[in-house]
Participant: 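Below is one structure. I have some questions about it.
Just so it is clear, the model here is predicted, and its values are computed rather than measured.
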Amino acid sequence: MLYKPNYKDDVLTSEITPETDYINRRQFIRGSTKVAMAGLCMRHQLVLAEASSTDSQVQQSPLLFSKATSQHRSNEKHTPFKDASSYNNFYEFGTDKTDPKRYANAMTISPWSVRIAGEVKKPGDYFLEDILKPHALEERIYRLRCVEAWSMVIPWVGFPLADLLKRFSPTSKAKYVAFETLSRPSEMRGQRSRFGTIDWPYVEGLRIDEAMHPLTILAVGMYGKSLPNQNGAPLRLIVPWKYGFKSIKSITSISLTEQQPPTSWNKTAANEYGFYSNVNPEVSHPRWSQATERRLPNSLFKPNRIATLPFNGYADQVASLYAGMDLKRYF
Ligand SMILES: Nc1nc2c(c(=O)[nH]1)N[C@H]1C(S)=C(S)[C@@H](COP(=O)(O)O)O[C@H]1N2
Ligand SMILES: [Mo]
C-alpha cells in the first residue's frame, strides 16, 4: 500500500511558517515532478527530493526536509538506496537479508497510531499525523553499524526524538524510554513462524539521556523519500552510535519508564547483546571480533573492510554520557 504522509498539509503548516511561504511551497510541490531545489528560504533550505521512482515495489513519497548541516554530513560515500533497501534485518518478515524487501509490503502502514505511555503528563494513542505535525523534518547522514559487522552510510529524514518526548512532558520519574514495534502476525510472516527466535513484539529501550541526545532521531524517510516498509516505515528510531538492532523499526509504542526496560536481543541472548550496545571495537561479540566492519556494498574483489570506531565515530558527541562506566561490563 502506498503511504502518503500529509507533509504538505500537516507537518510544515502555517503553524510554523508564514502563510505565504506555506502557499509557495504547496505550489512548488504541485508544480514539480523532477525537482532539485528552489531558493525557498524559511528557517532552512527546503529540499524536495526527486519524485521519480525506479524499480522499488512501493513508490515512495517525496518529503520536504532541510538538508543536513555540516555537523550531520559525512565525507564518506553514501550506500546506494538499492543496497540500503534490499539488504535488511527485520525479523518480523524473516531472517534472510532479502526477506524484508520481499515480504514487508504486506504491512499496512496507513492508518498508523502510536501509543505514548508511562511517565508522561499527556499519555494517549495518537495518529501518526498528529505525532508528526509540529516537527520540521531534517536530513541526517549517519553511519549504521550492525552488530553482525557490516555497515552502511544512510541519509535519513527525521527529527530529534527529544523534541517529541518534550511535547508529552515526561515526569521526574522518567528514567528510560521503551519502544515497541507493531505486532501483527497476519501481515508479518516472521511473527507466524514456528522457528522464531524473538519473543514478539520486538522491543527496545534507551536511557533517558540517550533518548534526549541530539543525535537520536525518529526517522520517517531516507534518501529524500518516505521509508520503504523494509526499512521500518512509517516511523523508526535511529541511534547512530549503537549497534543497529537498537534502531527499532515500525514503532507503535513509546513509553517512559522508571525501570530499565527489557530489550529483544538481550532477552534472546543476554551474554551476547547488552542493553547499552554501544559500538565498541574493543569488546568482541562472543563469536566474532568487532574491530572491523564490512562497508556495503562490497564484493569478493572489493571487500571494503574498514576499522570500526568507538561509538561508531560519534565518540566526541556521546562518550561523556558514559563517563565513569565500565564499558566492558555495560556492553
Ligand atoms: N522491529 C525491528 N526493528 C529492527 C530489526 C528487527 O528485526 N525488527 N532489526 C534491527 C537490526 S539488527 C538492524 S541492523 C537495523 C537494520 O536497519 P535497516 O534494514 O534499515 O538497515 O534494524 C534494526 N531494527
Ligand atoms: Mo543488526
Participant: According to a 4.5 Å side-chain heavy-atom criterion applied to Ile, Leu, Val, Met, Phe, Trp and Tyr, with indirect links allowed, do V239 and L309 form part of one hydrophobic cluster?
Facilitator: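 Cluster IDs for V239 and L309 differ.
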Participant: Check whether any side-chain N or O of R167 sits under 3.5 Å from a backbone N or O of I131 as a donor-acceptor pair, and report yes or no.
Facilitator: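 Flag set: sc R167 to bb I131 pair under 3.5 Å.
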Participant: Is there a side chain to side chain contact (heavy atoms under 4.5 Å, CB included) between V283 and Q290? Walk through the geometry before answering.
Facilitator: CA-CA 7 Å; V283 176; Q290 295 291 24; over 6 Å; no
Participant: Looking only at heavy atoms, what is the nearest atom pair of P201 and S264, with distance?
Facilitator: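 The answer is O-OG, 4.0 Å.
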Participant: Please name the pair of heavy atoms, one in E139 and one in P155, separated by the smallest distance, quoted to 0.1 Å.
Facilitator: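 Smallest interatomic distance, heavy atoms only, reads OE2-CB, 3.8 Å.
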Participant: Share the residues that join F195 in a hydrophobic cluster, the rule being Ile, Leu, Val, Met, Phe, Trp or Tyr side chains under 4.5 Å apart at the heavy-atom level.
Facilitator: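 Members other than F195 - counting any ILVMFWY side chain reachable under 4.5 Å - there are none.
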Participant: Establish whether M325 and Y243 are linked, either directly or via other cluster members, by ILVMFWY side-chain heavy-atom contacts under 4.5 Å.
Facilitator: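 Yes, M325 connects to Y243 through the hydrophobic network.
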Participant: Taking the side chain as everything from C-beta on, heavy atoms only, tell me whether E272 gets closer than 4.5 Å to V147.
Facilitator: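 No, too far: nothing below the 4.5 Å cut-off.
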Participant: For L227 and Q60, which heavy atoms make the closest approach, and how far apart are they?
Facilitator: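 Shortest heavy-atom separation between L227 and Q60 comes out as O-OE1, 3.2 Å.
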Participant: For the side chain of S226 and the backbone of S61, is there at least one donor-acceptor N/O pair under 3.5 Å apart?
Facilitator: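 Yes; judged by distance alone, with no hydrogens or angles, the pair exists.
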Participant: How long is the gap from CD1 on I154 to CG on N231, to the nearest 0.5 Å?
Facilitator: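 So the gap between those two atoms works out to 6.5 Å.
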Participant: Going by the angle between their ring planes, with limits at 30° and 60°, are F93 and F90 parallel, tilted or perpendicular?
Facilitator: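 Judged by the thresholds at 30° and 60°, the geometry between F93 and F90 is perpendicular.
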Participant: Can you check whether Y273 and F245 have ring centres sitting under 6.0 Å from each other?
Facilitator: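 Yes, they do, as the ring centres are separated by less than 6.0 Å.
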Participant: One pair to check against side chain to side chain contact (heavy atoms under 4.5 Å, CB included): L161 and L237. What are the steps and the verdict?
Facilitator: CA-CA 8 Å; L161 173 63; L237 181 69; 4.0 Å; yes
Participant: State, to 0.1 Å, how close L256 and P170 come at their nearest heavy-atom pair, and which atoms those are.
Facilitator: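 Scanning both residues completely, I find the closest heavy atoms to be CD1-CB, 4.2 Å.
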Participant: When rounded to the nearest 0.5 angstrom, what is the spacing between CE in M212 and CG in L321?
Facilitator: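 Those atoms lie 13.0 Å apart.
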Participant: How would you list all residue pairs meeting side chain to side chain donor-acceptor pair (under 3.5 Å) that involve residues 146-163, not counting sequence neighbours?
Facilitator: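 Matches after skipping sequence neighbours: N89-E148, K97-E148, E148-W150, S151-E293, S151-R295.
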Participant: Side chain to side chain contact (heavy atoms under 4.5 Å, CB included) between L137 and L64: does it pass, once the steps are laid out?
Facilitator: CA-CA 7 Å; L137 300 178; L64 276 169; over 6 Å; no
Participant: Could you tell me whether a side-chain N or O of W112 sits under 3.5 Å from a main-chain N or O of T252, the two making a donor and an acceptor?
Facilitator: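 No, because the side chain of W112 does not come within donor-acceptor range (under 3.5 Å) of the backbone of T252.
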Participant: Is there a donor-acceptor pair under 3.5 Å between the side chain of E204 and the backbone N or O of E180?
Facilitator: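 Absent.
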Participant: Could you tell me if the side chain of V203 sits less than 4.5 Å from the side chain of K267, heavy atoms only?
Facilitator: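 Side-chain contact under 4.5 Å: yes.
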Participant: My understanding is that only residues two or more places apart in sequence, or in another chain, count here; which of them pass side-chain hydrogen bond (donor to acceptor under 3.5 Å, both in side chains) with Y87?
Facilitator: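 Checked Y87 against side-chain hydrogen bond (donor to acceptor under 3.5 Å, both in side chains); matches are R294.
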Participant: Starting from I141, can I reach V220 by hopping between I/L/V/M/F/W/Y residues whose side chains sit under 4.5 Å apart?
Facilitator: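 As far as the 4.5 Å side-chain criterion goes, I141 and V220 are not connected within one cluster.
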Participant: Is there a side-chain contact between K242 and L206, using heavy atoms and a 4.5 Å cut-off?
Facilitator: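 Side chain of K242 against side chain of L206, heavy atoms only: contact under 4.5 Å found.
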Participant: Would the distance check show the side chain of S284 and the main-chain N or O of P286 forming a donor-acceptor pair, the cut-off being under 3.5 Å?
Facilitator: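 No; judged by distance alone, with no hydrogens or angles, the pair does not exist.
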Participant: Same cluster for W288 and L296 if Ile/Leu/Val/Met/Phe/Trp/Tyr side chains link at under 4.5 Å?
Facilitator: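 Result: yes, single cluster for both.
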Participant: According to a hydrophobic-cluster definition based on side-chain heavy atoms being under 4.5 Å apart (Ile, Leu, Val, Met, Phe, Trp, Tyr only), do Y314 and V153 belong together?
Facilitator: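 Cluster IDs for Y314 and V153 differ.
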Participant: For a ring pair (Phe, Tyr, Trp, His ring centres under 6.0 Å) with W265, tell me which candidate from F331, Y276, Y91 qualifies.
Facilitator: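 One option only clears the test, and that one is Y91.
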Participant: When you measure from the side chain of S86 to the backbone N and O of K82, does any donor-acceptor pair fall under 3.5 Å?
Facilitator: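 Yes, S86 side chain to K82 backbone: donor-acceptor pair under 3.5 Å.
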Participant: Run the side-chain hydrogen bond (donor to acceptor under 3.5 Å, both in side chains) test against D209 and tell me which residues pass, sequence neighbours left out.
Facilitator: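 D209 satisfies side-chain hydrogen bond (donor to acceptor under 3.5 Å, both in side chains) with R207 once adjacent residues are dropped.
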Participant: For Y142, which residues count as a side-chain hydrogen bond (donor to acceptor under 3.5 Å, both in side chains) partner, sequence neighbours excluded?
Facilitator: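 Testing Y142 for side-chain hydrogen bond (donor to acceptor under 3.5 Å, both in side chains), a comparison that skips the adjacent residues, returns R140.
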Participant: Using side chain to side chain donor-acceptor pair (under 3.5 Å), reason through T257 and Q259 one step at a time and then give a plain yes or no.
Facilitator: CA-CA 6 Å; T257 64; Q259 307 297 330; over 6 Å; no
Participant: Do the non-hydrogen side-chain atoms of M188 and Y202 ever get within less than 4.5 Å of each other?
Facilitator: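 M188 vs Y202: side chains apart.
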Participant: Using the side chain to side chain contact (heavy atoms under 4.5 Å, CB included) rule, take L235 and L132 through it: C-alpha gap first, then chi angles, then the decisive distance, then the call.
Facilitator: CA-CA 10 Å; L235 183 73; L132 301 181; 4.2 Å; yes
Participant: Closest approach of L164 and F159, non-hydrogen atoms and distance?
Facilitator: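 Closest approach of L164 to F159, heavy atoms only: CB-CE1, 4.0 Å.
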Participant: What pair of heavy atoms forms the shortest contact from T292 to A149, and how long is it?
Facilitator: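 Heavy-atom minimum between the residues: O-CB, 3.9 Å.
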Participant: Per the salt bridge (Lys or Arg N to Asp or Glu O under 4.0 Å) rule, what does the pair list look like for residues 106-124, sequence neighbours excluded?
Facilitator: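 Of all non-adjacent pairs touching residues 106-124, those that pass salt bridge (Lys or Arg N to Asp or Glu O under 4.0 Å) are R115-D125.
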Participant: Using side-chain heavy atoms (C-beta onward) and a distance below 4.5 Å, is P240 in contact with F311?
Facilitator: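 They are not in contact (no side-chain heavy atoms under 4.5 Å apart), so the answer is no.
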Participant: Measure the CG-NZ distance between N266 and K246 for me, rounded to the nearest 0.5 Å.
Facilitator: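 Here the interatomic distance stands at 8.0 Å.
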Participant: Report the residue from N278, N312, N280 that forms a side-chain hydrogen bond (donor to acceptor under 3.5 Å, both in side chains) with W241.
Facilitator: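 That would be N278; it is the only one of N278, N312, N280 passing the side-chain hydrogen bond (donor to acceptor under 3.5 Å, both in side chains) with W241.
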Participant: Donor-acceptor pair, R192 side chain versus S186 backbone, under 3.5 Å?
Facilitator: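 Checking the backbone N and O of S186 against the side chain of R192, a donor-acceptor pair under 3.5 Å is found.
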Participant: To the closest 0.5 Å, what do you measure between CD (Q230) and OG1 (T98)?
Facilitator: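 Here the interatomic distance stands at 11.0 Å.
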Participant: Roughly how far, to the nearest 0.5 Å, is CE of M222 from CD1 of I238?
Facilitator: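 Result: 9.5 Å between the selected atoms.
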Participant: With a 3.5 Å distance limit and no angle check, can you tell me whether R73 reaches the backbone of A68 through a side-chain donor-acceptor pair?
Facilitator: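 Answer holds: yes.
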Participant: Keeping T79 on the side-chain end and A84 on the backbone end, is there a donor-acceptor pair under 3.5 Å?
Facilitator: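 No, the answer is negative, given that no donor and acceptor are paired below the 3.5 Å cut-off.
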Participant: Taking the side chain as every heavy atom from C-beta outward, state whether R143 and M152 have any atom pair closer than 4.5 Å.
Facilitator: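 A side-chain contact under 4.5 Å is absent here.
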Participant: Is it the case that the side chain of R145 and the backbone of V279 share a donor-acceptor pair, with hydrogens and angles ignored and the cut-off at 3.5 Å?
Facilitator: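 Flag not set: sc R145 to bb V279 has no pair under 3.5 Å.
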Participant: Do P214 and P160 have side-chain heavy atoms sitting under 4.5 Å apart?
Facilitator: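 A side-chain contact is absent here, since even the closest heavy-atom pair is not under 4.5 Å.
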Participant: Scan N105, N229, T108 and name whichever one has a side-chain hydrogen bond (donor to acceptor under 3.5 Å, both in side chains) with E187.
Facilitator: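 Of the listed residues N105, N229, T108, the side-chain hydrogen bond (donor to acceptor under 3.5 Å, both in side chains) partner of E187 is T108.
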Participant: So, taking the atom named OG in S277 and the one named OH in Y330, what distance separates them when rounded to the nearest 0.5 Å?
Facilitator: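 Going from the OG atom of S277 to the OH atom of Y330 covers 14.5 Å.
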Participant: Is any side-chain heavy atom of E282 closer than 4.5 Å to one of P310?
Facilitator: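 The answer is no, as the side chains (C-beta and beyond) never meet within the 4.5 Å cut-off.
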